[in-house]
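Labels below follow one simple rule: chain letters A, B, ... track the order of the sequence lines, proteins then strands, and each chain is numbered from 1.
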Amino acid sequence: MSGDHSHNEDQIDGGSRFNDSHKHKDKQHKHKDHKKDKEREKSKHGNSDHKDSSDKKHRDKEKEKEKMKHKDGSADKHKDKHKEKKMKSLDGKVKKEKENGFASPQVKPEPEEDFYHSPKIEKTLKRERDVDIDSEFKPKKLKIENDKKVKKRKQEDEDIKPKKTRNKPGVADGKKKAKNEPEEKWKWWEEERATDGSKWKFLEHRGPVFAPPYDPLPNNIRFFYDGKQMKLSPEAEEVATFFGKMLDHDYTTKDIFRKNFFKDWKKEMNAEEKGKITDLKKCNFSEINDYFKAQSEARKAKTKDQKLKLKEENERLLQEYGFCIMDNHRERIANFRIEPPGLFRGRGDHPKMGMLKRRTRPKDIIINCSKDSKHPDPPPGTKWKEVRHDNKVTWLVSWTENIQGSIKYIMLNPSSRIKGEKDWQKYETARRLKKCVERLRTQYREDWKSKEMRIRQRAVALYFIDKLALRAGNEKEEGETADTVGCCSLRVEHIKLYPENDGQEFVVEFDFLGKDSIRYYNKVPVEKRVFKNLQLFMENKEKDDDLFDRLNTSVLNKHLQELMDGLTAKVFRTFNASITLQQQLVHLTSADENPTAKILSYNRANRAVAILCNHQRALPKTFEKSMQNLQAKIDTKRDQLVDAKRDVKSSKADAKVRRDEKSKKSVEAKKKALERIEDQLMKLEVQATDREENKQIALGTSKLNYLDPRISVAWCKKWDIPVEKIYNKTQREKFAWAMDMAEEDYEF
DNA sequence: TAGTAAACTTAGCAGTTCTTGA
DNA sequence: TCAAGAACTGCTAAGTTTACTA
């Protein structure tokens, strides 16, 4: 596996990485006041990035630094104040340097097609601009936006041109005639796409399903404070149940969780409760906890009929609220239920864990649908916050949550046209990257030698993103989320440099918490120039200073956009994941393997990608036990095999003596039984191997989000493996487009 | 143009459902 | 038929990118 991705050996050989890779439970990276410290530090050190170090360790480094001084020196007299300020000046430079014909074009106004005006809307401070877009004409902005969009759309259309155009009559005008037709599989990928930036023309749905109202505890379930029974007000009791339910969870032992919970709980208490309940340690929620456990048991113990009734009720709800009509087609909605209230479960060391996630009500809800549809009714006696008709977005319902103040959405299922098209387009962009990746690699290698620090940093970061499939690494607001990083936000403390390690030269050790506070640990040999650059970037910095202090994701993506239309940092992840799968499949599949072994090969290829992308999972709680069970099955099967072999032998001997038809048949039957057992044993052994190799790796994420499904479909066709062995029903629905269009010779 | 909000994708966990085999 | 455990699904947090405002 080299070809497009010559460094893949490093990528998939994640062995050392995974052995000690696990989730950090402890706060490994204290990053409090990091920014402030950094700024202080920066003014202390002045132009530390560029000034000569008195400690002249490496001649070539000194030479490089000398060059830097010539380029940046005088300008750097400003003593590296704030990174933000630096970035401002940097951006100016980026503009000037445009050299490949992608500089911002001068654009002419285009008439805005404005047929989805918002109705009169009570403007809220937060989201009024959505309304403005529709109701106000802003020539300058719209001019640029439109042109950008047009350009983008043109590229997208290039990317995913339908194989054949087969417009269904009446589709374009978007009326709701198809409402209850049991739809045959709709091949949206064979139809033309809208080119005006609109996501739909007609949209009708029933709105969200709200969480059921709070059902108070029965009187016999008591809460105790300081050993004494205490009846709580319904508001306080509801929040107490949120905590009580979670008693068995690790969360409730964490200080931050308890502190946040208690603070928010007190807000729900009445004056009397507030006065009495002053210490969480004195609260006894055990009866509440037992109650919910019993509820859960009772649910499991329901009779078949009761379970069936529940299932039918769920199905009814799904049929009513789980679908919408979008442009003549009935499409499945992904999440039609509003998130119920509860305690916020942030991942890692999240500063807001335990806070009360409040109940979302109709007055918090914005409905998005088309003007000419039947708008969903709010529950009796309530009102929606707003009903809007914005066909430039894909969501049906939105609301703002109270923990981070971010917006949550109800959107369509991955099997829908709107999601499928986007997915398809994502892989097409990655395929375009494949065509020019060598040029980009040559360029960033060249940039490692640049006289400008910012360009070197950009080039090294891009190398990591490409080689190691790191995420972009946006800046995050401190104190709002767990301290996690990606490539651009790496700090000095996250890497260690070894000029020589285990017989390899220029080794970089990465150790940081990434998305979801999943640890990324990897030791990789890098090119000498990268190594020297890293030494330079780290010089005179404290451990909590940014490694790439002259880079952020927006600068990086702007640069990438200039190199290839539609290119962003995450395209590299998609590209490298897909190309790795394709190469690994070629490498691992052999024609003479049986189907079981072929599927193992597929899973191994998938695993290589999951390792590359650092998709880890916690060791399943029952792993050891289920492994033991499997091993026991294998042992039993082996015994059976010995017996079966013996049977065959004796029946053969018997047949030799008797020479009759009956004993001949008996030999055949024994042989068949032996074959069956051999086959069963082989399958069990493969299963054990697969499970063992997979214990801490999650395959699903890459399969669903990073691997061009056409590669898998083509592989299935080539080796005559049923696609059902690779994709389950849901996945097949999501990838229907790929299953329809990929032939066995498909190449990513 | 920088900062921020909005939109959308990616992510692991946990609860539920399905499958298997005794 | 039932229990165990594997597989699937839903949920929602946490990212990235894009769009918009000041």
Flag this pair as yes if the NZ/CZ of Lys352(A) is under 6.0 angstrom from the six-membered ring centre of Phe344(A) and inside a 45 degree cone about the axis; otherwise no. no
Between Tyr251(A) and Lys254(A), is there a cation-pi geometry (under 6.0 Å to ring centre, at most 45° from the normal)? yes
Remember a base hit wins even if backbone is also touched, and classify Lys357(A) as base, sugar-phosphate or nothing at under 4.0 Å, heavy atoms. sugar-phosphate
With a 4.0 Å limit, can you tell me whether Arg345(A) has a side-chain N or O closer than that to the phosphate oxygens OP1/OP2 of dA13(C)? no
Any His350(A) side-chain N or O less than 4.0 Å from OP1/OP2 of dA13(C): no
Touch class at under 4.0 angstrom, heavy-atom based, for Arg471(A) against every strand present: sugar-phosphate
Mind calculating the distance between CG (Asn474(A)) and C1' (dG15(C)) to the nearest angstrom? 8 Å
When all nucleic acid strands are considered with a 4.0 Å heavy-atom cut-off, which category describes Asn728(A): base, sugar-phosphate, or nothing? sugar-phosphate
Taking OP1 and OP2 of dT9(C), is either one under 4.0 Å from a side-chain nitrogen or oxygen of Lys729(A)? no
With heavy atoms under 4.0 Å as the rule, sort Thr484(A) into base, sugar-phosphate or nothing. sugar-phosphate
Using a heavy-atom cut-off of under 4.0 Å over every strand shown, decide if Pro340(A) touches base, sugar-phosphate, or nothing. sugar-phosphate
For Lys570(A) and dT10(B), is the shortest distance between a side-chain N/O and OP1 or OP2 below 4.0 Å? yes
Which of these, Asp483(A), Asp546(A), Asp549(A), sits in a salt bridge (charged side-chain N to carboxylate O under 4.0 Å, His left out) with Arg491(A)? Asp483(A)
Heavy atoms from C-beta onward define the side chain here; which of dC8(C), dC8(B), dA11(B) lies closest to that of Arg573(A)? dA11(B)
How are the rings of Phe261(A) and Phe243(A) set relative to one another: parallel (under 30°), tilted (30 to 60°) or perpendicular (over 60°)? parallel
Are any of Lys419(A)'s side-chain N or O atoms less than 4.0 Å away from OP1 or OP2 of dT9(B)? yes
With heavy atoms under 4.0 Å as the rule, sort Thr394(A) into base, sugar-phosphate or nothing. sugar-phosphate
Select base, sugar-phosphate, or nothing to describe what Asn557(A) touches, counting heavy atoms under 4.0 Å on all strands. sugar-phosphate
May I have the distance from Gln561(A) (atom CD) to dT17(C) (atom P), rounded to whole angstrom? 10 Å
Which is true for Gly700(A) with a 4.0 Å heavy-atom rule: it touches a base, it touches only sugar-phosphate, or it touches nothing? nothing
Can you check whether Phe336(A) and His205(A) have ring centres sitting under 6.0 Å from each other? no
Across the strands shown, which category fits Ala569(A) at heavy-atom distances under 4.0 angstrom: base, sugar-phosphate, nothing? sugar-phosphate
What's Gly514(A) touching, base or sugar-phosphate or nothing? Going by heavy atoms closer than 4.0 Å. sugar-phosphate
Under 4.0 angstrom, heavy atoms only, what part of the nucleic acid is Arg332(A) near: base, sugar-phosphate, or nothing? sugar-phosphate
Report yes if a side-chain nitrogen or oxygen of Tyr706(A) is closer than 4.0 Å to either non-bridging phosphate oxygen (OP1 or OP2) of dA11(B); otherwise report no. yes
